[in-house]
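Fair warning: this is a prediction, and the values are worked out from it, not measured in the lab.
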Amino acid sequence: MPPDSPPDYAYAIASSANRPLEAPPSYQHWQECTLEEESLPPPPAAGFLYSSTGNASSDDALRAHEFCDTFPLQPPEEPSAAVYRIVERNDLSPVQPPEFHGNLHIAQRGHWTGFTRFGSRDCLLTTNLPLYFSLVDSPRHTNKAKLIYFEVKLLGLGGRFNSRSIETSGFSIGYVAKPYPSWRSPGWERGSLGVFSDDGCRFVNDSWGGKSFTSEFREGETVGLGMAFRQSCERSRVDVTVFFTRDGQQVGTWDLAEERDAESGGTEGLEGDFDLYGAIGLFGMVEFDVQFNPAHWLWTPQENI
């Protein structure tokens, strides 16, 4: 069975209908992007856990690896001035994949609220436009640092309003380069990183276990994840620092260079050479509130990250 085609840039989802894969349009036509709803086959009963309470199956993982082998990362494209202004205004919308079962609402510009329903499998929400455009934002082009960041308030996990339907649930916050399999959390496949609610582990291009980083997320807590890009002493390289916040306080950072060892997952897609999108991984029942507008962040941007 061929891997699912990437839903990004209005790709046709063609795996079951045998339709040809359409070429992605440019950023200039992002308003025209649509996603077809399509039923996926039920996951196998046997599961292989990649995070301590996750529900990802080994079939999901193999399908994702085949997807990544088939669809290489999209080369960066220079956005139009109009598209870049949209991102600067934080006017970002969620891309809802076929695997998402729940509700999403854009409360105001750059502010989303939503929830997933009982029994939801792993799925990925991303921004419709990159937060980081490689051809515009890279310090190699600008000689200036670039910071991307957003926050998510975790309103509920596992059905807090209905004790009869409480289930194991999880949330992750991260970034991805596209195309990315929409049934996988950020950090599990190439071109991605993420921090996970259930055990506080961080994942960078790593399907197999992640690294200890922080503690479990709490209901009612606001977490934030950012990436700071700076020109390296080596002109051919960009230094990248990843940082994590909880209720507005920075509580952890790491140098992306720590992940360059291929056995640790490597850093493909994350060192400033590809466009990067904000991403949220979800499974089970999760209630969340997402904020891209700096005026409403709990964290105050700092220059020394």
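- In this view, Y84 and D137 satisfy the side-chain hydrogen bond (donor to acceptor under 3.5 Å, both in side chains) rule, not counting sequence neighbours.
- Contacts of P294 classified as side chain to side chain contact (heavy atoms under 4.5 Å, CB included), with partners at least two apart in sequence or in another chain: N90, W297.
- Every residue two or more places apart in sequence or in another chain that forms a side chain to side chain contact (heavy atoms under 4.5 Å, CB included) with T214 is listed here: V195, F217, F244, R246.
- Listed by chain and number, the residues in a ring pair (Phe, Tyr, Trp, His ring centres under 6.0 Å) with F292 are W112, F150 (sequence neighbours excluded).
- Side chains of T116 and H101: no donor on one and acceptor on the other come within 3.5 Å.
- Evaluation of the ring pair (Phe, Tyr, Trp, His ring centres under 6.0 Å) rule for F229 yields Y132 as partners, not counting sequence neighbours.
- Residues forming a side chain to side chain contact (heavy atoms under 4.5 Å, CB included) with R109 (at least two apart in sequence, or on another chain): R89, D91.
- Between the side chains of K146 and S138, no donor-acceptor pair of N or O atoms lies under 3.5 Å.
- Scored by the side chain to side chain contact (heavy atoms under 4.5 Å, CB included) test, S172 finds S185, P186, F196 as partners (sequence neighbours excluded).
- Not counting sequence neighbours, T222 has no partner by the side-chain hydrogen bond (donor to acceptor under 3.5 Å, both in side chains) test.
- Residues passing the side-chain hydrogen bond (donor to acceptor under 3.5 Å, both in side chains) test with R117, sequence neighbours excluded: none.
- Remark: R218 engages E221, D247 in a salt bridge (Lys or Arg N to Asp or Glu O under 4.0 Å) (not counting sequence neighbours).
- With sequence neighbours excluded, no residue forms a side-chain hydrogen bond (donor to acceptor under 3.5 Å, both in side chains) with Q231.
- Between the side chains of S192 and Y175, no donor-acceptor pair is found at a separation under 3.5 Å.
- Under the salt bridge (Lys or Arg N to Asp or Glu O under 4.0 Å) criterion, D239 pairs with no residue, sequence neighbours left out.
- Remark: E88 CD is packed, more than 12 non-hydrogen atoms of other residues, nucleotides or ligands lying under 6.0 Å away.
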*For the pair Y149 and F243, evaluate ring-ring contact (aromatic ring centres under 6.0 Å, His included) and give the outcome as yes or no after the intermediate values.*
CA-CA 9 Å; Y149 176 81; F243 62 98; 5.6 Å; yes
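- For the pair R202 and W254, the cation-pi criterion (under 6.0 Å, within 45° of the ring axis) is fulfilled.
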